[in-house]
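All remarks here apply to the structure that follows.
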Amino acid sequence: MASPVYITTPIYYVNAEPHLGHTYTTVVADTLARYHRSHATPTLFVTGTDEHGDKIARAAAAAGVDPKHHVDRVSGLFRETWQASGIGFDHFIRTTDEHHRATVQEILNRIHERGDIYFGEYSGLYCYGCERFYAERELDGGKCPDHQTPPTRITESNYFFRMGAYQQQLLAHIEAHPDFILPEGYRREVLALLREPIEDLCISRPKSRLDWGIELPFDRDYVTYVWADALVNYVSALRLLRATDFDSLWPHAIHIIGKDIVKPHAIYWPTMLMSAGIPLFHGLRVHGHWIMEGGKMSKSLGNVVRPLDMKARYGMDAFRYYLLREMAFGQDAVFSEEALITRVNADLANGFGNLASRVLAMQQRYFAGCVQPLAATPPAEDGALRAAFSQARREVAEHVEALAFHRALEALWQAIGHANQYVQSTAPFVLAKDPARRARVGEILHELLEALRVSSELAAPFVPETAGRLWTLLGLEGGPRLDRSLPWGAAFPAGHTTAPPEVLFPRIETPSVS
Ligand code: MSP
């Protein structure tokens with residue numbers, strides 16, 4: 001059996017409502033999880049919310065409610081949004097969960113007992129937006145490079161984690177494991193960071209300044225710095241779900257993250273694990289950012305892209321398809337509803353949807369849905385169609401393994417394009433007028449039903465809902481799964497009946513850009 005996978009998304013801050021950025025990370029994780037499940041690989045997929053820290057405490061204060069009330073509401077919104085979007089997570093973790101608190105404290109205790117935590121005074125330039133201290137050289141004209149606001153000088157006594165003590169060990173690990181951080185560009189960035197001295201990490205906040213956090217187990221006057229708390233979620237979730245198999249599953253953990261949070265994941269987290277005596281996760285998979293046409297996505301510009309609005313406007317599968325097809329994983333991409341509409345109409349409505357409706361309609365019209373035998377000796381055109389789908393099957397696998405989702409879809413759509421061409425060149429709608437060619441019409445349609453079956457299997461991780469509907473229209477049992485893939489011809493035995501067509505992907509007629 002294939003080795004298991006444990007896929008995680010970052011846990012989302014509850015100071016904003018679910019938007020395009022969160023949705024992309026989550027859709028990628030969901031697609032990967034579905035892909036692995038469809039190969040019968042034991043798969044766990046966890047997402048959740050990051051609920052402690054300054055940022056959240058201030059968001060609650062701004063909303064005039066107590067933090068717990070605030071985090072319950074926004075965390076609920078994330079969970080409901082993913083559920084309503086058909087995201088198939090196995091568990092939704094919250095950093096305010098009691099089991100998570102216990103794990104954070106246990107891990108901090110281990111690091112403390114190792115002698116890797118010390119108490120010291122620190123004076124630094126702090127950005128409240130980023131919740132981190134900045135070195136002078138990291139500032140942009142004296143301002144936080146992300147928020148463009150001047151940082152505040154803060155002097156306080158805090159606990160520090162000797163991150164630097166693990167620097168060489170981490171460097172060696174990354175050098176020895178080329179797939180620890182992918183794509184390669186991010187791996188190189190991290191290696192460059194690790195070739196310079198790294199500072200120790202401040203892992204506490206005095207309660208006098210912030211009390212919305214997990215208490216340090218060895219000093220009750222302090223709470224845990226939000227990153228040292230949040231990163232541990234990956235371990236707490238797996239412990240909760242698979243306490244007894246933790247040791248065998250944890251080394252298969254894949255963290256999907258955006259490029260803005262590489263440093264905590266690639267440096268803080270592995271060094272914390274090393275100190276705590278926990279093996280490292282399998283790797284990080286880093287994606288780029290969606291850029292809005294008119295500048296940064298913000299409430300004030302009114303250009304926040306909300307997943308459920310997109311679902312209502314275009315359907316969740318169309319939105320997923322666009323996200324996965326448009327962005328090369330690892331690179332930035334520009335979000336545009338116009339481009340989304342063009343893609344959906346060309347690839348989904350005209351390409352895939354049209355193929356399905358033509359084939360199912362002809363099946364119905366000429367044979368009342370009853371599948372006819374394949375050619376005893378398939379002509380070259382049938383062989384070429386089959387070859388196109390074998391190639392798509394190989395390429396989809398290859399590209400998904402390399403996280404090149406856009407290429408995987410491109411490869412599948414090549415085959416779908418081939419099938420549409422085959423309809424044109426074999427012209428069953430012309431042959432059907434000649435009773436002597438009826439058997440050939442049946443053969444052609446059977447070939448096309450196979451093309452649709454394989455398309456549905458290959459498309460299922462990307463557009464699960466529609467692939468499932470097509471599967472049902474084909475009269476097949478269960479759902480589309482790659483591991484159950486049958487040889488060409490075996491899925492439709494004599495007497496098998498398909499259903500009349502339904503519109504799988506409606507054409508979007510008028511741009512409804514808000
Ligand atoms: N809470 C931390 C993660 C802790 S994980 C132990 C956090 N949360 S977040 O809500 O700010 O962001 C989560 C994810 O959304 C990140 O992976 C980030 O890259 C992604 N995105 C936020 N805006 C984005 C875009 N505009 N485009 C693509 N993804 C971006 O960071």
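Counting convention: from 1, in listed order, for ligands and their atoms alike. Computed over heavy atoms, backbone and side chain alike; hydrogens, waters and symmetry mates excluded.
For atom 26 (N) of ligand 1, the choice among Y13, W290, F78, F335 with the nearest heavy atom turns out to be W290. Between atom 17 (O) of ligand 1 and the options A16, G53, P18, G258, the minimum heavy-atom separation is to G258.
Any N or O atom pair closer than 3.5 Å counts here, and P10 shares no such pair with ligand 1. Between L231 and ligand 1, a contact under 3.5 Å exists for no N or O pair. In terms of N/O distances under 3.5 Å, ligand 1 is not approached by Y234. When only interatomic distances are considered, the shortest N/O to N/O separation between D50 and ligand 1 falls below 3.5 Å. In terms of polar-atom proximity, defined here as any N/O pair under 3.5 Å, W227 makes no such contact with ligand 1.
Judged by the shortest distance from any of its heavy atoms, H19 lies inside the 4.0 Å radius around the atoms of ligand 1. Heavy-atom distances between G288 and ligand 1 reach below 4.0 Å in at least one pair. Ligand 1 is approached by H265 to a heavy-atom distance shorter than 4.0 Å.
Annotation: atom 24 (C) of ligand 1 to nearest protein heavy atom, G21 CA, 3.4 Å. For atom 13 (C) of ligand 1, the closest non-hydrogen atom of the protein is Y12 CD2, 3.4 Å. Ranking the protein heavy atoms by distance from atom 19 (O) of ligand 1 puts D260 OD1, 2.5 Å first.
Remark: K259 does not engage E189 in a salt bridge, criterion side-chain N to carboxylate O under 4.0 Å. Using a 4.0 Å cut-off between a side-chain N of Lys or Arg and a carboxylate O of Asp or Glu, R137 and E196 do not qualify as a salt bridge.
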>> Does N15 form a side chain to side chain contact (heavy atoms under 4.5 Å, CB included) with R58? I'd like the steps, not just the answer.
In response: CA-CA 9 Å; N15 60 348; R58 278 180 296 119; over 6 Å; no

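Atom-to-atom distance recorded for D200:CG and Y122:OH is 10.5 Å, nearest 0.5 angstrom.
Of all the heavy atoms of Y24, none lies under 4.0 Å from any atom of ligand 1, so neither backbone nor side chain is involved.
At least one cation-pi condition fails for R313 and Y322: the charged atom is not both under 6.0 angstrom from the six-membered ring centre and inside a 45 degree cone around its axis.
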